[in-house]
Amino acid sequence: MSKEKFDYFINGEKGKYEVVIGLEVHAQVLSNSKLFSGSSTKFGADPNKQVSLIDSAFPGMLPVINEECVKQAVRTGLGLNAKINNYSVFDRKNYFYADLPQGYQISQYKNPIVGEGKVLLDMPYGSKEIGIERLHLEQDAGKSIHDMDPSSTYVDLNRSGIALMEIVSKPHLRSPDEVNAYIKKLRTIMRYLGTCDGNMQEGSLRADVNVSVRKVGDKNFGTRCEIKNVNSIKFMQMAIEYEANRQVELLENGKEIDQETRLFDTKKNETRSMRSKEDAHDYRYFPDPDLLPLKLEQKLIDDLKKSLPELPDNKKERFIQEYGLNSYEANVLVSEKEISDYYEEVAKLSDKKLAATWMMGDLFAMLNDKGLNISNSPISAENFAELIQSIKSGEISGRIAKEVFEIMVESGDNPKKIIESKGMKQQSDPKELEKMINEILSKNKDKVDQYKAGKEKLFGFFVGQVMKLSGGKANPQMTNEILKKLLKV
Amino acid sequence: MSNITNQSLSEILKSIKSKKISSLELTQAYIKNIENAKKLNAFVTTTFDQALENAKKFDNKQNNEQLLSGVPLAVKDLFCTQNVKTTAGSNILNNFVPSYESTVTKNLWNNGAFLLGKLNCDEFAMGSSNETSFFGNVINPIGDHLVPGGSSGGSSSALAADLTPATIGTDTGGSIRQPASFTGTVGLKPTYGLCSRWGIVAFASSLDQAGPMTKTVNDCSIMLEAMSGFDEKDSTSINKKKELYSKNLKDNIKGLKIGIPKEYRVDNMPKEIDELWEKGKKILKDLGAQLIDISLPHTKYALPTYYIVAPAEASSNLARYDGVRYGYRSQKGKDLIEMYENTRSEGFGDEVKRRILIGTYVLSSGYYDAYYLKAQKVRQLIKKDFDDSFTKVDAILTPSTPSSAFKIGEKTNDPVSMYLNDIFTVPVNLAGLPALSLPAGLDKKGYPLGLQLIGKALDEQKILNIGYAFEKNCGYNNEIKKWWS
């Protein structure tokens, strides 16, 4: 594959601008109960059915840390090649809102549980390292519903107190494509680790997007704007695109950019000012006196490290080494843990390279068409491997294989059985083939003469006749060889 | 049974066990006292029907195995009590009925006691005179013009007036010890983390601690034993084996070293306090204890430190009272912000507002380092002073308060002079230590004065023992004329 060059710049009259992006990703921790209470975290329950006295901040209620959430954060930190802090502190972030029952969010401010780390992106122009500033644990807020009643707001506290990991990147991202790759990579890592399901529709993964622009070559960052709570990659990309252009336009017109918090309006495809720096909340952070500092023993961290599954970057390397895949193929096949598991199962039983080609081609196309994913594929890895083997051994041709594949999708049947019962086996017996070809040649003496007289493109006509007579089952390679032999002058 | 209610808790328990009196008779006697003492305004809520029911249940199936068998108890209205209104002395919780029971009260009930009623207190425990309560000020049984101390003023008043055989309060900066001192009763603030904070309306989380208020040191040890214990629902609760304070109570203090901190002799302290302190030293010395002069050099910073840390935490702890989910909600206001503003303006009293403002200010960006962070550093120094001293002494003796009970209204317009009342009690909260206030004498007006014994962390048994020995030799007798009935 030829390496493309990075090319995401905004051209203004006064120069070429680079876009600088940093993300604060809020990933919901996969855990059965909330960060500081025993309430369930299951998605989709009726409003206010998963709310304890702690989540709704009744008088005298106290938070108790959920150990599993702490472990999940550590696992994620390890997956991001980050420093795990043995000492971290929970702070209160104070502000009033109807869906924030305590009047403060318990978060980590000065001492997060995870420090600096990094994430590798595979871009068409090569691999790029994105720095992670920190990861901290915090509580989610509830949900305010403004459109159910003309004069009141309804509040659903089911989400209140659910554990989130806020993963803060360094300002290393430079384009919507890199943002796409970054979010997907984070998501993949967390899904491998089982620390976040990455389900953006259900709000398990959201991001605040920090955008600034500067002229190419400038050392200093421009003034940034923060776009709050964007919940899909597409919207993130659209918001960045809009926001970067808005900022360039301001600069081009000699205006200044105000540091502010903005909202992305998905209907109008634009960002809008939410509050300026002057109006920014003073959150009055201070250590939560209800919780002791979180002290992690090194042994716990080491044990979690030992129990980590193989992560996508390592698996990719292994796929290249072990299965002879190229970087692109390996990348696609490790993008989801389930896909990589499926591939490995197939590769164990069949040709590794051919399996990769067929998975990334026909199998993915079919799953995509049917809106399925690999875990509920109608073709089992075992059957798929058998199909690949039938192609490899020459039992069926690639063309017949496509037919067999279709039948497998519909019936879920084993390919051997299909080939057998439908008589789709390739004709590879040289004697039979020679007999068939002689028959065709004797029926078409005139064409044979013309061919021998130099009209070589008639060769294709003879191949066509063989295929027609064999019902497409003649082994194409052998057909070619025998035809050449018999047509020799 | 004549006058069972002026006996100590341990005497009452003996009478119950030996069936000299039934739980029902006992309960009825207290109810009668309470009904005759409405002038004191010690109760916010009474639960007489429920108490009588529980007393009958006890009498029908008497179980003497428990520490508090068959005893009715009134508790400070800061403890959440299941299905019984819990106000924290505030309008904002005027209608709040918890669906849950605080761990500490549950411990009392599990030990055989039952609820008699909820006692008045300063609003959200913020006050030193019980004058900030939404339900009106409480009167000290010592005299109709006197405050009972605060914030556990309803508790001290009810106890001294024989309206409950013992009670519990909470102590954030002296709220158990100062009212005990003002009413001639015993009050203990345990080590931070010894009693669970779960289900107690929070004032300042890193300082709040529940503790017993009783007529005698022995009663105090019984109550502490019943109410304390590890609670996994409170992350700051200390996980340790339960101690048998009452069983292990001893009056032999020979050879113990008692520290006398020079910094507790403050300017303008009444001569009587000084004399009381001297009297205390002499009693302990006569009992065989050794007096040692010590220094707690950062004591003078304790009060300002406390009045930064406590309001800071309070400003955040009280943010939940917003009218959205429970408690008082103003009907005025056209949007969320106005609803908040009106609810909190109408729901909170002046002292609470003052502390929320102070707390908000000291946590604000630009001021945090100068106030809150500095205060936390000073707090460590104060703690270290104590740690250093406790390498040399077993306990520390100080006065409990710089004065006896003051007049109602005397300090309400002078918050700083009100705050100064906590000067001897707040260092202990900042250091998380246990301290016992003991009635030790009277001033020339005849008002009670208390002495304070400060112990090492988790050394409650030792200060109880010293207090027990002191009590036997002090000759203090809290004769209160029942002028109200």
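So you know, we letter chains A, B, ... as the sequences are listed, proteins then strands, and number each from 1.
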Looking at A:R284 and B:S365, would you say the former's side chain and the latter's main chain have a donor-acceptor pair under 3.5 Å? no
Region of A:D290 in contact with chain B, defined by heavy-atom distances below 4.5 Å: both
Is it the case that atom NZ in A:K170 sees more than 12 heavy atoms from other parts of the structure closer than 6.0 Å? yes
Could you look at B:Y192 and say if it's the side chain, the backbone, both or neither that has a heavy atom under 4.5 Å from chain A? side chain
Heavy-atom closest pair (B:C80 atom, A:P59 atom, distance to 0.1 Å) is SG-O, 3.8 Å
Once rounded to the nearest 0.5 Å, what's the spacing between atom OH of B:Y368 and atom CZ of A:F286? 8.5 Å
Answer yes or no: does atom OH of B:Y371 have more than 12 heavy-atom neighbours from other residues, nucleotides or ligands under 6.0 Å? no
Between the main-chain N or O of A:P63 and the side-chain N or O of B:S235, is there a donor-acceptor pair closer than 3.5 Å? yes
A quick test of your reading: do over 12 heavy atoms of other residues, nucleotides or ligands sit less than 6.0 Å from CZ of A:R224? no
Top residue by heavy-atom pair count (under 4.5 Å) with chain A, among B:K334, B:M339, B:R344? B:R344
Using 0.5 Å steps for rounding, measure from the CE atom of A:M61 to the CZ atom of B:R197. 11.5 Å
Interatomic distance, B:Y326 atom OH to A:L53 atom CG [nearest 0.5 angstrom]: 10.0 Å
Residues A:G103 and B:A319: closest non-hydrogen pair is CA-CB, 3.8 Å
Is it true that a side-chain atom of B:R325 and a backbone atom of A:P101 form a donor plus acceptor pair closer than 3.5 Å? yes
Select one option (side chain, backbone, both, neither) describing which atoms of B:Y367 are under 4.5 Å from chain A's heavy atoms. neither
Parallel, tilted or perpendicular: which fits the ring planes of B:Y100 and A:F58, with parallel below 30° and perpendicular above 60°? perpendicular
So which heavy atom on B:E313 is nearest to which on A:R92, and how close? O-NH1, 4.1 Å
Under a 4.5 Å heavy-atom cut-off, does chain A meet the side chain of B:N317, its backbone, both or neither? both
Select one option (side chain, backbone, both, neither) describing which atoms of B:S102 are under 4.5 Å from chain A's heavy atoms. neither
Okay, B:S196 and chain A: the region with an atom under 4.5 Å from a heavy atom over there is neither
Contact part of B:L336 toward chain A, heavy-atom cut-off under 4.5 Å: side chain, backbone, both or neither? side chain
As an exercise: rank B:D322, B:T236, B:T360 by heavy-atom pairs under 4.5 Å with chain A and give me the winner. B:T360
Side chains of B:E232 and A:V64: does their closest heavy-atom pair fall under 4.5 Å? no
Counting only heavy atoms closer than 4.5 Å, note whether B:Q376 contacts chain A via side chain, backbone, both or neither. neither
Please identify each residue that fulfils side chain to side chain contact (heavy atoms under 4.5 Å, CB included) with A:R262, with sequence neighbours left out. A:C225, A:E243, A:R246, A:E260, A:T271, A:S273
Contact leader toward chain A among B:S316, B:A202, B:S99, B:G327, where contacts are heavy-atom pairs under 4.5 Å: B:S316
Taking atom NZ as the centre, does B:K85 end up with more than 12 heavy-atom neighbours from other residues, nucleotides or ligands that are less than 6.0 angstrom away? yes
With a 6.0 Å cut-off (strictly less than), is the heavy-atom count around NZ of B:K374, excluding the residue itself, greater than 12? no
Quick check on ring pair (Phe, Tyr, Trp, His ring centres under 6.0 Å): which of A:F96, A:Y97, A:Y95 does B:Y340 satisfy it with? A:F96
Taking atom CD of A:E67 as the centre, report whether more than 12 heavy atoms of other residues, nucleotides or ligands fall under 6.0 Å from it. no
Heavy-atom proximity to chain A below 4.5 Å, by part of B:V324: side chain
More than 12 heavy atoms from other groups under 6.0 Å of OH on A:Y109: no
Roughly how far, to the nearest 0.5 Å, is the CG atom of A:N94 from the OG atom of B:S364? 10.0 Å
Residue A:K93 excluded, over 12 heavy atoms near NZ under 6.0 Å: yes
If one checks every heavy atom of B:A312 against chain A at 4.5 Å, the contacting part turns out to be backbone
Toward chain A, the part of B:L78 with a non-hydrogen atom under 4.5 Å: neither
